[in-house]
There are 2 protein chains.
Amino acid sequence: MERKRSDLIADALEALILEGGFADGERLDEQQLAQRFDVSRTPLREAFQRLALSGLVEQIPRRGVFVRQPGPVEMMEMFEVMAELEAACARLAAARISEEALQNLHATNERCNAAVEARDHDGYYRENERFHAILYQQSGNGFLEQECQRLHKLLHPFRRLQLRLRGRLRQSMAEHEEIVSALEAGDGHRAAEAMRAHVAVQGEKFHHLVASLKHAAE
Amino acid sequence: MERKRSDLIADALEALILEGGFADGERLDEQQLAQRFDVSRTPLREAFQRLALSGLVEQIPRRGVFVRQPGPVEMMEMFEVMAELEAACARLAAARISEEALQNLHATNERCNAAVEARDHDGYYRENERFHAILYQQSGNGFLEQECQRLHKLLHPFRRLQLRLRGRLRQSMAEHEEIVSALEAGDGHRAAEAMRAHVAVQGEKFHHLVASLKHAAE
DNA sequence: GTCAATATTTTTGTATACAAGAAAGCAATT
DNA sequence: AATTGCTTTCTTGTATACAAAAATATTGAC
């Protein structure tokens, strides 16, 4: 599926914003960016629309578009919602998951564990993504899967940052095991609770990380 | 806040699609619609982008945009997700809700009840919306509130259709009372369960409605 | 008559031109 | 000197023009 220029620009801008390439509240200059990407204003504006819809940017009519870096509060809120959605996935998956998918989860967890031992952050991250993706899919609810992927993507930069936290990786793995175990038992409630806690703790850990970084800077 | 032409068109198209003004899979002709709305293709295309992001329309590069009427399956999936999100709202609200908001919910429920007695569908619908809006807000999570509103809007046409079901209104009211009661008691778990059931049953009822309509047509 | 290859038309994607609104700078008045 | 009103400039929103890709029609061969 061939993509168009405006899509590529949207992705590029999204990455730029998420990596912190722009300050919060900064106005995105159409002409400047048009030059930078070597396109006209038209595809840029289409890209802006996409970013506005996903909440990374605010469009004020006749004024321009401004980047909206989610602060710690909004970030926590997003994790809270993510926790609910993933918990729902887990609960539904407990009833619907296939034997094959369970095998897959086990294998993914093993690779994830190996990555932890090897201090392979990229590997850990990849397998962790896979673990969650499988669960979204096994919820059996395509719409839910879609929504989870969307939110997951929004939280991407935070989650990535969080990898720096020592000790968190091992704990996270233990939580994965608990989730799989609940799924194997077909216990929806337990799976949901385990998943909710797993995601919620990420949000909290990140919150602490941000707070400590801020504190260190003062 | 003045809005621009493309926003108005997006709203108009959204309404048209949701009311069933287009067949599923139908291609939206840019030129034709441009004439119809008396604008150029540019704002139309911006409107398309918005619709594509909210899932009402599918954009296939170099082919055009096609309306995507959600079928019964997708509709059920959406209700399932809505149920989860609203349940989360209820659970969070149980801990955070203000006395004033509780009063508000009571008042809204009374007006809702009155509308049921008076067979005032529009009134019922309006107060019902209000009930849910208050709960979203009282979750204390702005992001969750936003997501709920988005989904709520997507489900709008289905919910509307559902009003035709006799007897459902009274039952729905009883469910509202139960939710408020749980909130008053500060029982998050009970509030969440009541809310989940409340929304889920809407999805099921609607599913039956669709099935019966289909059956009648054969 | 059917299939295939090519030409034509249509339609999308992008660039540019134009119009209208907002911001900024300047001048005049108090 | 400060403030208000005007003018100028810059930016956004919309229209149109152009290019590239897809769909359709046409013609030729078998």
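A, B, ... follow the sequence lines: proteins, then strands. Residue 1 opens every chain.
To the nearest angstrom, P of C:dT11 lies 12 Å from CD of B:Q35.
Taking the centre of each ring, A:H176 and A:H106 stay at or above the 6.0 Å mark. A:F131 and A:H198 have their aromatic ring centers separated by at least 6.0 angstrom.
Rounding to the nearest 0.5 Å places CG of B:N104 at 8.5 Å from CD of B:Q138.
The pair B:D29-B:R27 meets the salt-bridge criterion, since a charged nitrogen lies less than 4.0 angstrom from a carboxylate oxygen. The existence of a salt bridge linking A:R150 and A:E147 is confirmed by a sub-4.0 Å separation between a basic side-chain nitrogen and an acidic carboxylate oxygen. The pair A:R196-A:E86 does not meet the salt-bridge criterion, since no charged nitrogen lies less than 4.0 angstrom from a carboxylate oxygen. A salt bridge links A:R96 with B:E80: the distance from a Lys NZ or Arg NE/NH1/NH2 to an Asp or Glu carboxylate oxygen falls below 4.0 Å.
The bend of the helix from C:dG1-D:dC30 to C:dT30-D:dA1, defined by the angle between the axes of its first five and last five pairs, stands at 0° to the nearest 10°.
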Donor-acceptor pairs are to be reported for all side-chain atoms of residues 35-43 of chain A against protein atoms at under 3.5 Å, with residues two or more places apart or in another chain.
| from | atom 1 | to | atom 2 | distance (Å) |
| --- | --- | --- | --- | --- |
| A:S40 | OG | A:T42 | N | 3.3 |
| A:R41 | NE | A:E30 | OE1 | 2.7 |
| A:R41 | NH2 | A:E30 | OE1 | 3.1 |

Base versus backbone protein contacts along nucleotides 8-14 of chain D [heavy-atom cut-off under 4.0 Å; B, S, -]: ---SBBB
